[in-house]
Amino acid sequence: MNKWIAEPWRSGASVNHCAIPAALRAWLFERRSLTRKLRAHCAGRVGVRVLSHTWGPVTRSERTALGLGERTRAYVRQVELACAGRVVIFARTVMPPMTVAARRHLTRLGNRALGDVLFADRSTRRGTLSVARLPQGHLAWLTSTTHQVPAWGRRSIFTLGHAPLLVSEFFLDTP
């Protein structure tokens, strides 16, 4: 089982803001579309590269966040976001079977950014934003980069109508 997602995820007052690099704070706590913010920062030169998109197992942390049973498989999409050709974010989306059944179009995004779809849908609601820090080297085997430094990440559950999905985004570099 994947154990790359660090625990504990922290939210609200339990987040030690001083431990987070100053250059990443505004990115980690952005409540609106991270893709839109990245486009503005990169003069529109943002690329999405799909690493994988398939049904598979999810981590204990992801199951707990989504309220899934121990053997429940989910649709998992992993992508890299690049700013002017430089990979800066690794994103992982976990969609339970009920979400895929209700929102099948989310499994056919190709290189389109998920944020474009989520923030264009008026039924989208974002849950609590949580942050975590991954130890050095934890993401290197998942991405095409040779990322070897600790990575800060954020995650939240989005609900489209009654269909939940968990989006985790990890900063491989400061945008």
Side-chain angles (χ1 to χ4, degrees), residues 2 4-6 9-11 15-54 62 65 75-95 99 103 105-160 164-175:
N2 293 339
W4 61 270
I5 295 186
W9 286 92
R10 305 225 185 259
S11 60
V15 176
N16 179 358
H17 291 264
C18 294
I20 300 169
L24 279 182
R25 286 184 201 139
W27 291 94
L28 280 170
F29 296 102
E30 177 63 54
R31 298 274 312 158
R32 294 168 299 197
S33 171
L34 185 62
T35 306
R36 183 176 295 158
K37 182 178 176 91
L38 192 60
R39 276 194 192 105
H41 182 77
C42 303
R45 299 181 305 165
V46 172
V48 177
R49 187 169 85 88
V50 178
L51 300 173
S52 65
H53 58 103
T54 188
E62 292 166 333
Y75 186 84
V76 179
R77 180 177 189 248
Q78 298 183 146
V79 302
E80 291 174 333
L81 298 174
C83 174
R86 182 175 52 96
V87 176
V88 291
I89 296 168
F90 167 76
R92 177 176 165 97
T93 303
V94 177
M95 293 180 245
T99 301
R103 305 289 178 145
H105 67 283
L106 295 176
T107 65
R108 297 186 293 266
L109 294 176
N111 287 335
R112 186 171 176 205
L114 175 64
D116 292 341
V117 176
L118 292 179
F119 288 93
D121 187 324
R122 291 185 183 269
S123 74
T124 301
R125 299 292 174 257
R126 180 181 218 149
T128 303
L129 194 61
S130 300
V131 298
R133 183 172 174 257
L134 293 180
Q136 181 174 336
H138 256 54
L139 287 175
W141 63 275
L142 288 171
T143 71
S144 67
T145 68
T146 56
H147 184 74
Q148 291 296 321
V149 297
W152 282 94
R154 67 189 209 150
R155 79 176 186 183
S156 55
I157 293 177
F158 286 86
T159 306
L160 288 81
L165 56 117
L166 179 66
V167 177
S168 302
E169 298 151 321
F170 296 93
F171 291 84
L172 305 176
D173 200 354
T174 304

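We number each residue from 1, following the sequence as shown.
With contacts defined as side-chain heavy-atom distances shorter than 4.5 Å, the pair Val79/Arg49 does not qualify. The side-chain heavy atoms of Arg77 and Leu109, taken from C-beta on, include a pair separated by under 4.5 Å. At least one side-chain heavy atom of Phe171 sits less than 4.5 Å from a side-chain heavy atom of Leu34. Between Val94 and Arg92 the shortest side-chain heavy-atom distance falls below 4.5 Å. Considering only heavy atoms from C-beta on, Thr124 stays 4.5 Å or farther from Thr159 through its side chain. Phe29 places a side-chain heavy atom less than 4.5 Å from the side chain of Val131.
Counting heavy atoms of neighbouring residues, nucleotides and ligands inside a 6.0 Å radius, atom CZ of Arg32 does not exceed 12 of them.
Between Trp27 and Arg154 the shortest heavy-atom distance is O-NH1, 3.3 Å. In plain terms, the two heavy atoms of Trp152 and Pro21 that are nearest each other are NE1-CD, 3.2 Å. Nearest approach of Ala84 to Cys42, heavy atoms of both residues: N-CB, 4.5 Å. Of all heavy-atom pairs between Thr128 and Arg31, the closest is C-NH1, 4.3 Å.
With values rounded to the nearest 0.5 angstrom, Ser168 atom OG is found 9.5 Å from Ile157 atom CD1. The OG atom of Ser52 lies 4.0 Å from the CD atom of Gln78; values are rounded to the nearest 0.5 Å. In this structure, CD on Glu30 lies 11.0 Å from CG on Leu28, to the nearest 0.5 angstrom.
With sequence neighbours excluded, no residue satisfies salt bridge (Lys or Arg N to Asp or Glu O under 4.0 Å) with Arg122. For Leu165, the side-chain contact (heavy atoms from CB on, under 4.5 Å) criterion is met by Thr93, Met95, Thr99, Leu106, Leu114, Leu118, Phe158, Leu160, Val167, not counting sequence neighbours. With sequence neighbours excluded, the residues satisfying side-chain hydrogen bond (donor to acceptor under 3.5 Å, both in side chains) with Arg103 are Asp121, Ser123. Arg86 meets the side-chain hydrogen bond (donor to acceptor under 3.5 Å, both in side chains) test with Asp173; sequence neighbours excluded. Among residues two or more places apart in sequence or in another chain, the side-chain hydrogen bond (donor to acceptor under 3.5 Å, both in side chains) test is passed with Arg108 by none. Listed by chain and number, the residues in a side-chain hydrogen bond (donor to acceptor under 3.5 Å, both in side chains) with Ser156 are Arg126 (sequence neighbours excluded). Arg39 is linked by a salt bridge (Lys or Arg N to Asp or Glu O under 4.0 Å) to Asp116, counting only residues two or more places apart in sequence or in another chain.
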>> side chain to side chain contact (heavy atoms under 4.5 Å, CB included), that's the test. Do Ile89 and Glu80 meet it? Break it down for me.
In response: CA-CA 6 Å; Ile89 296 168; Glu80 291 174 333; over 6 Å; no
| request: Applying side chain to side chain contact (heavy atoms under 4.5 Å, CB included), run through Leu24 and Thr174 and close with a yes or a no. | output: CA-CA 6 Å; Leu24 279 182; Thr174 304; 4.3 Å; yes
Evaluate the side chain to side chain contact (heavy atoms under 4.5 Å, CB included) criterion for residues Thr54 and Val76: first the C-alpha distance (whole Å), next the side-chain angles of each, then the deciding distance (0.1 Å), finally the verdict.
CA-CA 6 Å; Thr54 188; Val76 179; 5.7 Å; no
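One N or O on the side chain of Tyr75 and one on the backbone of Thr107 form a donor-acceptor pair closer than 3.5 Å. Side-chain atoms of His41 come within 3.5 Å of backbone N or O of Pro175 as a donor-acceptor pair.
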